[in-house]
Every structure is written in structure tokens, then in C-alpha cells.
Number of protein chains: 2
Amino acid sequence: MTVTIKDVAREAKVSVASVSRALNGVGGVTPATEQRIREVAARLRYVPHGAARSLITKRTHTVGALMPDLHGEFFSELIRGIDLEARTHGLHLLVSSSHNGADDAAAALRAMQGRVDGIVILSSPGVDAAFLKTNLPESLPTVLLNSDMKAGAAAVLNIDNFAGTYAMVRHLASLGHRRIAFVTGPKNNFDARQREAGFRAAMTRLVPGTSPRIVSGDFSEASGYLAGRELLSGKVRPQAVFAANDMMAVGCLQAFKEAGIAVPGDIALVGFDDIPIARYVTPPLSTVRVRIAELGKNAMDLLADLINRPGSSAASVHTLGCDIVVRESCGGASGRNLNHHNQENPSRVESTTKLEGSS
Amino acid sequence: MTVTIKDVAREAKVSVASVSRALNGVGGVTPATEQRIREVAARLRYVPHGAARSLITKRTHTVGALMPDLHGEFFSELIRGIDLEARTHGLHLLVSSSHNGADDAAAALRAMQGRVDGIVILSSPGVDAAFLKTNLPESLPTVLLNSDMKAGAAAVLNIDNFAGTYAMVRHLASLGHRRIAFVTGPKNNFDARQREAGFRAAMTRLVPGTSPRIVSGDFSEASGYLAGRELLSGKVRPQAVFAANDMMAVGCLQAFKEAGIAVPGDIALVGFDDIPIARYVTPPLSTVRVRIAELGKNAMDLLADLINRPGSSAASVHTLGCDIVVRESCGGASGRNLNHHNQENPSRVESTTKLEGSS
DNA sequence: TTGTATGCGTTATCAT
DNA sequence: ATGATAACGCATACAA
């Protein structure tokens with residue numbers, strides 16, 4: 001910061017060029033002088049000025065992460081996955097989270113110009129294809145998470161919501177359930193729509209001849225509670241309820257408890273996400289696990305590839321599979337999991353291949 | 001990126017200096033030409049190159065966050081708090097999380113040189129006073145979180161673990177409990193040590209004449225489970241158990257359940273942190289809440305102050321109070337909280353003033 | 001092998 | 001009010 005390459009050069013009695021060469025290990029310097037330069041640099045605690053270097057190198061060794069204002073496990077695990085893998089590639093992470101709406105996001109995107117070599121964007125309402133078209137320089141390597149963009153300049157990586165829901169419905173059907181109800185997420189949410197589509201498709205294929213009840217929710221616990229009550233109020237009670245995320249499932253659970261309906265005895269219940277809470281409610285919630293950190297890791301790998309070999313995996317679409325996590329709330333396998341110390345030993349079913357890409 | 005200030009200048013038929021002046025709104029340009037320049041810039045989608053600008057400005061408008069590899073709510077909420085407040089100050093966030101040990105941290109710190117105006121560091125084993133002394137340029141504004149550094153070049157912001165545990169013990173004592181046991185965290189953890197100290201002090205003052213049982217844990221659920229069993233195996237059973245964090249309390253809960261000991265009927269149980277899970281276990285766990293996002297916000301405010309007015313709050317020590325959250329697991333107030341739909345309505349006690357500073 | 005000189009994109013200083 | 005030009009700290013093509 002305060003000590004520059006010039007200081008090192010003067011102290012080591014060489015030119016700045018030699019210092020640069022020595023410290024970057026590009027050769028062209030006597031081992032002796034290199035040694036001397038390194039010593040001086042260490043003594044002076046010289047650290048190259050990142051901005052100055054990237055100005056000429058055209059490389060910042062930094063990637064950006066742009067995501068909406070969301071709390072909880074998803075955010076932290078995703079960042080964790082990205083950061084961990086970024087370090088592997090020698091990259092650093094500039095985070096811009098907590099933005100609400102397109103304006104915030106656009107400002108954040110602008111601020112990242114010239115500070116990042118690439119960017120991972122978690123789609124959200126307002127931050128969609130049209131938004132990116134106008135706010136994203138096309139030369140900037142980009143990985144889109146959770147996007148419904150078919151193809152474009154950016155690589156796309158999605159959770160396989162469809163396959164996840166499908167596989168869970170299959171599990172429920174295999175347990176003998178036919179009247180399976182579904183609690184949807186918000187209509188403007190990409191994951192929510194895919195999950196609902198997966199559910200409908202699975203029911204049509206696996207439990208034909210029925211028309212499943214579908215009630216609306218918004219991913220909140222409160223909406224799940226309401227949905228649970230609504231499902232109980234009907235003429236015939238569902239045999240199983242599939243909530244589009246875990247928080248709504250927890251809401252349902254509460255509604256069922258209050259109504260004196262036993263889970264899974266009277267009604268089976270499953271969710272989606274496998275948030276930490278899922279293991280700790282009573283009974284432990286069967287759900288579809290999203291390996292979030294792995295999602296982040298894969299996104300980072302994709303991005304690193306895009307950076308190192310421009311155009312390599314651009315316009316490709318990838319999918320990360322989910323796991324079916326069977327605990328007690330859906331019955332069938334229950335009792336088996338009454339293990340000591342809350343250890344986890346659910347049956348785990350890979351619903352999709354690890355990372356399926358298609359360009 | 002690809003379109004520079006020169007392009008705008010050429011297109012607008014002015015010099016680069018005028019473009020710079022117009023876009024930065026420093027005056028010295030005719031409203032007419034400013035208007036023209038702005039239009040051209042917008043049309044060309046010109047965005048200033050951050051690195052180039054900060055090279056001469058000496059300001060990156062970015063702050064760094066350095067933290068160990070931790071998952072879960074604490075990380076995400078802290079980042080959230082920091083990022084949200086950073087935006088308020090017009091600052092961006094360069095995150096380097098997920099580092100294990102001093103070497104990783106040192107590398108991350110080096111990489112941040114010249115890319116940040118200041119830095120927030122979450123202390124961890126290995127990243128302590130000595131570490132900072134050698135790895136941190138003293139000119140860089142720094143806020144230390146969770147540090148036992150008394151005073152130095154950096155501002156320090158801590159959670160008031162001591163007051164939090166103290167207040168919770170007071171609550172337990174007010175419920176009539178006298179044989180209160182404690183499950184410690186890892187010895188090398190700053191929070192853990194402070195919490196234990198708070199517990200010991202509180203017991204000495206509030207429940208004199210007893211020597212409380214203290215068993216070791218490491219903040220993990222498994223260690224809590226073991227501790228719970230150990231506490232049950234003693235000659236006399238404690239009336240209450242205070243786990244140094246919630247995950248260990250959850251482990252205790254499991255151990256008690258297996259042993260057929262009712263909570264809070266036979267034994268009271270409390271934790272620390274108020275992780276999301278705490279509300280959802282059965283019975284809901286009373287705990288000490290750490291307002292993590294607020295911690296991040298305060299850290300950011302401190303740092304912004306340090307950046308804008310060098311030396312202003314340096315070498316100051318601040319403390320953020322905790323809240324006592326009374327749910328059902330500690331008895332006494334229980335029954336009152338059997339409200340519908342898992343809504344939260346705990347009695348909330350501010351254990352410390354909002355932000356107590358001392359320089 | 002080493003040093004000199006140029007340029008990266010921007011702001012700041014000095015002319016005009 | 002506007003333009004030419006010198007920094008900022010570094011890497012690199014070229015000269016020696």
C-alpha cells in the first residue's frame with residue numbers, strides 16, 4: 001500500500017523492471033539478484049497493489065457474486081461453495097448480496113465493472129434475461145444460477161427441481177399414497193414453478209386417473225400453515241402432502257398437530273430443500289435435498305472455465321441433481337430412523353446425475 | 001470494460017478531462033456539454049474502470065471481510081448485516097471466508113492489499129493479535145470482531161457473551177433453580193471462554209454456596225449429547241442445564257429424551273445463539289439471542305467511520321448486547337407460549353445496552 | 001541479465 | 001469552460 005515497487009527497487013539497487021520480473025518469477029534475472037530482491041521485498045513487507053496490477057494485466061483474479069437479499073442457509077452455503085472453489089482457482093470473491101429489485105442489482109453490476117473477471121448471478125424476480133441483456137457487458141464471463149434463460153451468452157446452472165419433485169412423488173406413490181396434495185410456492189419464483197411442474201408431471205404419469213389438489217403458498221411458514229388447514233377442511237383428506245419447500249411443510253405440520261392429525265400416521269408430509277430445521281422438527285421431515293455448496297462449487301468451476309477458455313462453456317445449460325431424503329414424516333420407512341443421538345441415516349436417492357450439461 | 005473514457009470523449013468531441021468532469025459532477029462544464037457527454041456515455045454503455053479510478057483516487061470503495069470457514073446462520077447473517085450497511089455507505093464487499101488457519105488468512109489478507117479501503121476481521125484460532133501485528137498494514141482501517149485484543153490500532157467489537165450468560169443464569173435462578181450445570185464450548189474459542197466466565201461469575205453472585213457442575217463440550221451437537229448423558233449419570237441430577245450454544249443444547253435434549261427425562265418438567269434446558277432450529281425443537285428452546293446482522297451493521301459503521309475519519313474510533317472497544325429469549329425449555333413461563341402457528345412471542349430482555357463503546 | 005520507456009484507464013493539475 | 005498532460009503502480013516490449 002504505502003510501499004511500492006519503486007521502494008523495493010531503490011532499496012535493492014535495481015530497476016523496477018527487475019523487481020517485477022523477480023517477484024513474478026518470469027525469469028530473466030540472476031538467481032542472486034532475485035534472492036536479494038525477494039529479501040528486500042520481504043523486509044519492506046512489499047505487497048503489489050492489486051488495482052495497479054490488474055490495470056495492465058487485465059486480470060483481477062476476482063469474481064463477483066450477485067444475489068438478492070436472502071437470509072439463511074441457502075445464502076451462506078452457496079457463498080461457501082463458491083468461495084472455497086474460487087480459492088482453488090486462485091480467485092477471490094466480491095459479493096454483492098442483499099439487493100432488492102433490478103435497480104439495486106444494476107448498480108451493483110456497474111460497480112463490479114473492472115473489478116471482476118467474471119460473475120455468478122443468482123436469478124431473482126427482476127433479475128432475468130431482459131435485465132441481463134441490458135446490464136451485462138457481453139464480454140464478461142457469466143454463470144447464471146436458477147435462471148430460465150434457455151441459452152445465451154452465459155452459462156446456466158440449475159437445480160433439478162423437476163427431477164427432485166418427480167422422484168419424491170414416486171417415493172410417495174411407492175408407499176401406496178394416491179391422494180397426494182401439493183402446496184405451491186410463489187408464482188413468480190423459478191424454483192417454485194419447476195417444482196409444481198415436476199409434481200404435475202409425476203402425478204399424471206405415476207398416479208394416473210386422479211386430479212391432485214393443489215393449494216397456493218408463498219414459501220413462508222405462515223402460508224404453509226394456512227395451506228395445511230385448507231387441505232384438512234376438504235371433504236376427503238389427502239393421504240400425503242407435498243410442500244414446495246420445507247418452511248411450508250413445517251407450517252403444515254403445525255396445522256396438522258393443532259387439528260390432532262398424526263404425521264405420518266394419518267397423513268404423510270414431505271418438503272423440499274432440506275433446511276437444517278427439517279431434521280429437528282417432530283417427526284423429522286422427509287424432503288428433497290439440494291446440495292447448495294456443491295451448486296456453488298459447480299458454478300465456480302463453470303465460471304473459471306469460462307474465464308480461462310473464453311467461449312468454452314458459454315451458452316450451455318447444466319443441471320444439478322437432488323437427493324431424496326427419507327426421514328419419518330412420510331411414513332413407510334419410519335421406525336427405521338429412530339436411531340440414537342439424532343444421527344442422520346436417511347435413505348438417499350440420487351435423482352439426477354451429478355452434473356448434467358448440455359450445450 | 002471494453003469502452004473507455006477515450007471512446008466517450010471522441011464520440012462526444014471533447015477531451016477525456018471533460019468527460020471525467022461531467023460524469024463525476026464536479027462542475028467546470030457547461031450544462032449543455034455535460035448533457036451531451038452523459039448521453040454519449042449512456043449510449044455507449046460506458047462504465048468507469050474501477051481499478052483505474054482507484055489507482056489515482058486511492059479509494060476503492062470496497063471493504064474486505066475476512067472470516068474462517070464456518071457454515072450456517074452466523075456467517076450469512078453477519079455478511080448480510082455488513083453488506084446491507086456497506087451499501088448505505090456506498091461501499092462494496094470483498095469476502096474472503098472459508099479460510100482455515102493463519103496461512104490461509106495471511107494469503108487472503110495479502111490479496112486484499114490495494115483492493116479495499118478497510119477490513120472487518122472475524123477472529124478465530126490462529127487469527128489473533130500476534131497474527132494481525134505481522135500481517136496487517138497499520139495504515140489499513142480495521143475492525144476486529146470477537147477479539148480478545150484489548151486495544152491497538154484497530155477497533156474491536158464484541159458480543160456481550162458475559163452479560164448474556166449472566167442474565168440467563170439470573171433468569172434460571174429466578175425460577176428457583178439452584179443446581180445449574182454448564183456445558184462449555186471449545187477452550188480455544190473466545191466466545192466459549194467468555195460464556196463460561198459469565199456463567200461462573202453469575203453462579204458465584206446469584207447462587208452462592210454451590211459449586212456448579214461444568215462439563216466440557218466443543219459446540220457440536222454430538223458433544224452436547226455426550227454432555228447431557230454425563231450430567232444424567234451423576235449422583236444428583238441438575239435442575240437446569242445451560243449449554244454454551246444451541247447445538248449442544250439440542251444434543252442434550254436428545255440425551256434427556258432417550259433417558260426419559262422431561263424438559264422442562266424434570267430438568268430445565270437453555271442454550272445460546274438462538275439459531276433458527278431453537279424455535280422448532282420440542283420443546284422450543286430458551287436461549288440467548290445474538291443479533292448477528294446488527295453485529296455486522298455495527299461493525300460496518302465502525303469501519304466506515306474509521307475510513308472517513310482516520311483514527312477516529314481506532315483502539316476503541318465496543319460491545320453488543322444480547323437478548324434473553326424465553327421459550328418453553330426452561331419452564332416457568334411455559335404454557336404461555338403454546339400459541340398458534342408457532343408464532344414467536346418470547347419474553348425479551350435486553351441484557352446490555354445496544355452498543356456500548358469505550359475508548 | 002539488466003535498464004529504459006511506454007501504456008493500462010482514470011483523475012488532477014495546469015495551461016489556455 | 002475546455003484541453004493537454006502528468007501522475008497512480010505496475011508489467012512488458014525493447015534497447016543495451
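Chain A is the first sequence line, chain B the second, and so forth, proteins listed ahead of strands; every chain is numbered from 1.
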Going by distance alone, is a donor N or O of one side chain under 3.5 Å from an acceptor N or O of the other, for A:Arg53 and A:Asn24?
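The criterion, which ignores hydrogens and geometry beyond distance, is satisfied for A:Asn24 and A:Arg53.
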Compute whether any side-chain donor of one residue and acceptor of the other, for B:Thr60 and B:Asp117, lie under 3.5 angstrom apart.
yes
In whole angstrom, give the distance that lies between atom [atom1] of [X] and atom [atom2] of [N].
X        : N      : atom1 : atom2 : value
B:Arg10  : D:dG3  : CZ    : C1'   : 16 Å
B:Lys6   : C:dG7  : NZ    : P     : 9 Å
A:Arg115 : C:dG9  : CZ    : P     : 16 Å
A:His61  : D:dC10 : NE2   : P     : 15 Å
B:Leu55  : D:dA7  : CG    : C1'   : 9 Å

Pairs under 3.5 angstrom only: tabulate donor-acceptor contacts from the side chains of residues 80-88 of chain A to other protein residues two or more places apart or in another chain.
{"unit_1": "A:Arg80", "atom_1": "NE", "unit_2": "B:His71", "atom_2": "ND1", "d": "3.3"}
{"unit_1": "A:Arg80", "atom_1": "NH1", "unit_2": "B:Asp69", "atom_2": "OD1", "d": "2.4"}
{"unit_1": "A:Arg80", "atom_1": "NH1", "unit_2": "B:Asp69", "atom_2": "OD2", "d": "2.9"}
{"unit_1": "A:Asp83", "atom_1": "OD2", "unit_2": "B:Ser97", "atom_2": "N", "d": "2.7"}
{"unit_1": "A:Asp83", "atom_1": "OD2", "unit_2": "B:Ser97", "atom_2": "OG", "d": "2.7"}
{"unit_1": "A:Glu85", "atom_1": "OE2", "unit_2": "A:Lys297", "atom_2": "NZ", "d": "3.4"}
{"unit_1": "A:Arg87", "atom_1": "NH1", "unit_2": "A:Asp83", "atom_2": "O", "d": "3.4"}
{"unit_1": "A:Arg87", "atom_1": "NH2", "unit_2": "B:Ser96", "atom_2": "OG", "d": "3.0"}
{"unit_1": "A:Arg87", "atom_1": "NH2", "unit_2": "B:Ser97", "atom_2": "O", "d": "3.2"}
{"unit_1": "A:Thr88", "atom_1": "OG1", "unit_2": "A:Leu84", "atom_2": "O", "d": "3.4"}

Side-chain N or O of B:Ser15 less than 4.0 angstrom from OP1 or OP2 on D:dG3?
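Yes, such a contact exists.
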Can you check whether A:Lys58 has a side-chain N or O nearer than 4.0 Å to OP1 or OP2 of D:dA11?
no
Heavy-atom pair of closest approach, residues [X] and [Y]:
X        : Y        : value
A:His99  : A:Ser124 : CE1-OG, 4.5 Å
A:Val143 : A:Ala299 : CG2-O, 3.8 Å
A:Ile159 : A:Thr319 : C-CG2, 4.5 Å
B:Arg110 : A:Val47  : O-CG1, 3.6 Å
B:Ile292 : B:Leu78  : CG2-N, 3.6 Å
A:Leu66  : A:Ile119 : CB-CD1, 4.4 Å

For residues 29-39 of chain B, which residues have at least one heavy atom under 4.0 Å from DNA chain D?
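Residues of residues 29-39 of chain B that come under 4.0 Å of DNA chain D are, in numerical order, B:Val29, B:Thr30, B:Thr33.
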List, one per line, each side-chain donor-acceptor pair under 3.5 Å for residues 5-13 of chain A, sequence neighbours excluded.
{"unit_1": "A:Asp7", "atom_1": "OD1", "unit_2": "A:Arg10", "atom_2": "NH2", "d": "2.7"}
{"unit_1": "A:Asp7", "atom_1": "OD2", "unit_2": "A:Thr4", "atom_2": "N", "d": "2.7"}

Once side chain to side chain donor-acceptor pair (under 3.5 Å) is applied, do any residues pair with A:Glu73, and if so which ones, sequence neighbours excluded?
none
If the helix axis at each end comes from five base pairs, how far does the helix from C:dT1-D:dA16 to C:dT16-D:dA1 deviate from straight, to 10°?
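Overall, the helix from C:dT1-D:dA16 to C:dT16-D:dA1 bends by 50° from one end axis to the other.
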Walk along nucleotides 11-16 of chain C from 5' to 3' and tag each nucleotide B, S or - by protein heavy-atom contact under 4.0 Å, base first, then sugar-phosphate.
BBB---
